[in-house]
Amino acid sequence: MKERAISKRFFDDSWKRSSYCGYIPSPGENGGDVVLNGWLRRRRDLGGIIFIDLWDHTGTVQVVLGPDMGPAYEQAKSLRNEFVLAIRGKVRKRPEGTENPSLLTGDREVLAEDLLVLSPSRPLPFEMSEADRVDENLRLRSRYLDLRRPFMQNNLRLRSRAAEFTRSYLSSEGFVEVETPMLTKSTPEGARDYLVPARVTPGRFFALPQSPQIFKQILMVGGMDRYYQIVKCFRDEDLRADRQPEFTQIDIEMSFINEEDITSLMEGYMKGLFQSILGEALDVPFPRLSWHEAIDRYGSDKPDLRIRSEILDLDAVFSGSSFDAFKKILDQGGVVRGLRLPGGASLSRKEISDLEARAKELGAAGLAPFAFKEGGLKGPLVKFLSEEEQVRLIAVSGMQEGDILLAASGPWRETCEVLGHLRLETGRRSSQVEEDAWAFLWVTDFPLLEWDDDEQRWSAVHHPFTSPNLEDLELLSSDPGKVRSRAYDLVLNGTEVGGGSIRIHDPAVQQRMFEVMNFTPERARERFGFLIDALSSGTPPHGGIALGFDRLVMLLCGAHSIRDVIAFPKTQKAQCLMSGAPSDVDPVQLSDLHIALDLSEEGKRCGSGGEE
RNA sequence: GGGGUUGUAGCUCAGUCGGUUAGAGCGCCGGCCUGUCACGCCGGAGGUCGCGAGUUCGAGUCUCGUCAGCCCCGCCA
């Protein structure tokens with residue numbers, strides 16, 4: 001940047017804007033004198049006259065700088081992109097034939113009379129006009145520029161409006177916003193914690209909350225009745241397009257309620273939110289599926305209902321067939337499931353083998369294609385099916401001429417999930433997705449416990465305070481894997497946007513849970529002692545939900561990553577490319593904390609949504 | 001931890017079968033231009049081909065490793 005003299009003029013009241021760039025009064029209305037503040041988005045220097053596009057978050061307006069503006073014209077020649085300017089001038093109608101219909105303010109312009117450069121700009125690492133094509137690496141490093149783009153402006157402003165709606169809705173429903181600690185206690189189960197050491201407590205660590213779960217339950221014990229918070233949560237896990245190491249939840253908990261209270265509250269919330277933000281009228285109540293049905297029909301506990309196709313049960317077709325591999329699996333209690341791809345018979349050999357490779361990557365033993373063409377089934381396994389079985393396969397799958405059916409076999413859940421992934425991926429590729437639909441649904445009746453092979457014990461699918469379905473209480477001893485929980489997830493367009501449960505409020509049931517999970521009383525006490533004490537001190541029946549605010553806003557914005565709705569997101573390696581965090585610290589800071597580093601293995605340098 | 005993909009000028013990209021001095025558009029710098037709006041015209045500067053090894057007479061190009069971005073599997077109660 002060139003050396004510039006420090007201007008004797010400064011940003012006094014006379015230079016404060018009288019109008020935003022996008023809201024310039026039309027000359028007919030309230031034309032006349034204006035002061036503008038904004039960024040120089042583009043300049044066109046024609047030699048004797050200079051046009052600049054002055055931008056702020058409301059829009060862009062053309063300013064004309066001519067020799068008749070006096071000494072300031074000389075200065076105007078040195079203006080460059082993204083300089084911050086204050087401009088004094090007069091609004092006028094553009095001369096006939098020079099209107100620009102692609103600009104909202106394109107029928108008018110500001111004839112500059114005076115100009116103050118508030119701040120120059122270095123030549124920038126990328127141009128605003130092509131920022132949507134720029135490498136994300138660079139966007140993140142220069143986030144302040146990225147944020148100046150209309151796309152990011154829109155996303156963050158929409159996010160703000162969504163938060164505002166959330167507060168006002170919950171407040172009107174009698175919820176109290178309570179803040180919970182960020183420096184808190186590490187909890188077992190679940191994601192890896194971010195740990196925080198402190199000088200005054202050497203050798204001990206805080207953990208940043210994975211969610212305020214325990215605190216919100218204690219607030220219920222504390223008689224708060226209805227709590228909410230829009231709150232950051234932290235999980236040290238690997239990232240995805242919809243996961244960040246720190247992410248925001250709308251955290252909710254209510255007393256003296258059951259599942260219906262939560263679902264109707266959320267349906268009212270979503271209806272209001274979509275109406276207020278997008279002007280969309282949602283149909284409520286949302287459909288519900290049990291977890292078992294979701295896996296069985298869609299191969300996912302967060303099915304995207306915008307895709308019509310479902311996974312097909314082919315057990316009956318293959319149980320009598322002479323294909324031994326499938327029969328053997330069926331005899332062992334496994335399943336045969338299929339996925340019909342409309343028009344898929346025209347897939348090339350390579351496309352089919354790619355699908356097979358993907359199925360294997362997802363854990364399937366293989367994938368058997370049955371193409372329906374030239375009036376009959378084609379495929380390597382057709383010869384194992386009798387005429388009658390072929391007819392039945394076509395009938396069961398609803399195949400039409402030109403379709404293909406992909407069959408897989410193995411354990412129920414794994415097989416469904418493999419086909420569930422293929423359903424999504426092929427559905428998206430062949431645009432079977434109803435793009436402008438908002439497909440909400442509730443997934444209920446999750447299993448309460450699952451067997452943890454590593455630790456050789458039952459562990460909570462949701463978390464250890466989730467209430468079992470009281471009808472299944474007996475199974476807790478006899479067949480823990482069969483116990484249904486009172487947990488529920490809210491799914492939108494194949495994204496889990498929220499999840500929660502009715503909690504255990506009976507200390508005896510909680511005790512029973514810990515026993516099944518093989519937590520000794522000592523271990524339970526060490527980890528959750530304060531919660532156990534609280535729950536033994538008069539606990540109202542209670543339950544709640546947490547919504548993944550970033551994911552919800554992402555869907556509202558039509559963005560494809562939550563990074564696009566977070567002002568300062570981190571990369572997949574959980575780095576902040578702008579600030580360079582995390583970074584080395586001064587050895588003195590470490591010694592204050594009594595921390596010694598052992599990086600012999602790792603070398604010197606060096607995963608989030610609505611679930612609670 | 002694993003699979004895929006990308007990395008060449010400030011940005012977006014091209015670069016043939018491994019072969020002489022690595023190119024284009026935009027941006028930047030200088031000059032010209034009074035109705036442009038992706039202004040136009042003339043000229044110029046600008047390169048650790050992500051990094052490190054290896055193969056070769058010769059590597060942007062081939063091989064191995066490594067770093068970083070993105071997508072995915074595992075993981076995320």
Side-chain angles (χ1 to χ4, degrees), chain A residues 1-2 41-53 60-68 73 80-82 94-103 105-106 109 111 122-142 145 187-192 210-211 213 233-245 247 354 357-358 360-363 417-418 421 424-425 446-450 452 454 458-466 485 487 496 499 501 517 548 560-561 563 570-573 575 577 603 605-612:
Chain A
M1 205 184 305
K2 274 191 217 162
R41 187 50 45 96
R42 206 158 201 116
R43 83 194 169 97
R44 295 172 291 280
D45 185 345
L46 272 60
I49 186 171
I50 300 169
F51 298 97
I52 63 177
D53 294 334
T60 303
V61 66
Q62 172 164 281
V63 179
V64 187
L65 305 137
D68 43 343
Y73 179 67
R80 294 295 181 270
N81 286 345
E82 299 303 316
R94 288 200 190 186
E96 183 121 13
T98 65
E99 299 87 354
N100 182 357
S102 63
L103 210 60
T105 60
E109 62 191 7
L111 185 62
R122 64 181 167 126
L124 297 175
F126 60 88
E127 292 166 65
M128 290 298 134
S129 54
E130 48 181 33
D132 53 342
R133 293 185 290 129
V134 168
D135 193 49
E136 191 164 1
N137 194 321
L138 188 61
R139 283 178 54 202
L140 292 176
R141 240 185 300 139
S142 306
L145 298 179
T187 54
E189 313 263 309
R192 277 177 278 270
Q210 296 172 27
S211 80
Q213 184 61 39
C233 302
F234 306 85
R235 293 174 193 177
D236 187 4
E237 295 292 346
D238 288 341
L239 308 182
R240 290 283 192 285
D242 62 354
R243 287 194 225 153
Q244 280 276 300
F247 61 99
D354 282 351
R358 178 66 176 150
K360 283 181 178 164
E361 186 191 348
L362 291 165
E417 287 180 340
V418 167
H421 270 106
L424 272 186
E425 290 165 17
F446 283 80
L448 183 70
L449 296 158
E450 67 191 345
D452 185 330
D454 294 342
W458 292 99
S459 76
V461 169
H462 192 60
H463 58 59
F465 315 109
T466 299
S485 73
E496 181 192 338
S501 65
M517 293 171 62
H560 294 106
S561 161
R563 292 187 301 276
K570 293 183 173 58
T571 67
Q572 204 161 50
K573 287 255 170 71
Q575 322 274 308
L577 295 181
R605 275 179 309 277
C606 49
S608 295
E611 65 278 16
E612 291 172 316

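Residue numbering restarts at 1 for every chain, and letters A, B, ... go by the order of the sequence lines. On a predicted model such as this, the values are computed, not experimentally measured, just so you know.
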Expressed as a whole number of Å, how far does the [atom1] atom of [N] sit from that of [M]?
N: B:C17; M: B:C62; atom1: P; answer: 10 Å
N: B:A45; M: B:G23; atom1: P; answer: 13 Å
N: B:G19; M: B:U56; atom1: C1'; answer: 12 Å
N: B:G65; M: B:G4; atom1: P; answer: 11 Å
N: B:U61; M: B:G52; atom1: P; answer: 12 Å
N: B:A24; M: B:A14; atom1: P; answer: 16 Å
N: B:U20; M: B:U36; atom1: C1'; answer: 45 Å
N: B:U6; M: B:U66; atom1: C1'; answer: 16 Å

Please classify the nucleic acid contact of [X] as base, sugar-phosphate, or nothing, using heavy-atom distances under 4.0 Å.
X: A:L138; result: sugar-phosphate
X: A:P95; result: base
X: A:R563; result: sugar-phosphate
X: A:R42; result: sugar-phosphate
X: A:H560; result: nothing

How many Å lie between [atom1] on [X] and [atom2] on [N], as a whole number?
X: A:I50; N: B:G35; atom1: CD1; atom2: C1'; answer: 13 Å
X: A:L124; N: B:U12; atom1: CG; atom2: P; answer: 14 Å
X: A:R41; N: B:A38; atom1: CZ; atom2: P; answer: 15 Å
X: A:R141; N: B:G7; atom1: CZ; atom2: C1'; answer: 12 Å
X: A:D53; N: B:C37; atom1: CG; atom2: P; answer: 11 Å
X: A:Q575; N: B:G69; atom1: CD; atom2: C1'; answer: 11 Å
X: A:R133; N: B:C13; atom1: CZ; atom2: P; answer: 7 Å
X: A:Q572; N: B:G74; atom1: CD; atom2: P; answer: 14 Å

Using purine N1 to pyrimidine N3 plus N6-O4 or O6-N4 for Watson-Crick, or N1-O2 and O6-N3 for G-U wobble, each under 3.5 Å, what pairs with [N]?
N: B:U63; answer: B:A53
N: B:G23; answer: B:C13
N: B:G30; answer: B:C42

Should the side chain of [X] and the base of [N] be counted as holding a donor-acceptor pair, with the cut-off at 3.5 Å?
X: A:R43; N: B:C39; result: no
X: A:R358; N: B:G4; result: no
X: A:R80; N: B:C29; result: no
X: A:E109; N: B:G35; result: yes
X: A:Q62; N: B:U36; result: yes

Short question: side chain of [X], backbone of [Y] - any donor-acceptor pair under 3.5 Å?
X: A:R235; Y: A:Q210; value: yes
X: A:Q213; Y: A:S211; value: no
X: A:Q244; Y: A:K570; value: yes

Toward the 5' end of RNA chain B, which comes first, A:G47 or A:A460, by nearest nucleotide?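 Nearest nucleotide further toward 5': that of A:G47.
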Which comes earlier along RNA chain B counting from the 5' end, the contact point of A:A241 or that of A:E99, where each point is its nearest nucleotide?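 Between the two, 5'-proximity favours A:E99.
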Hey, could you give me the CG/CD distance between A:L103 and A:E109, rounded to the nearest 0.5 Å?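 Taking CG in A:L103 and CD in A:E109, the distance rounds to 11.0 Å.
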Taking every heavy atom of A:L138 against every heavy atom of A:P125, the minimum-distance pair comes out as CD2-O, 3.9 Å
Would you please determine if the base of B:U36 is stacked by A:F51, with stacking meaning a centroid separation under 5.5 angstrom and planes under 30 degrees?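 Here the ring of A:F51 and the base of B:U36 are stacked, with centres under 5.5 Å and planes under 30°.
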Let me see the working for A:T571 and A:L577 under side chain to side chain contact (heavy atoms under 4.5 Å, CB included), right down to the final yes or no. CA-CA 7 Å; A:T571 67; A:L577 295 181; 3.5 Å; yes
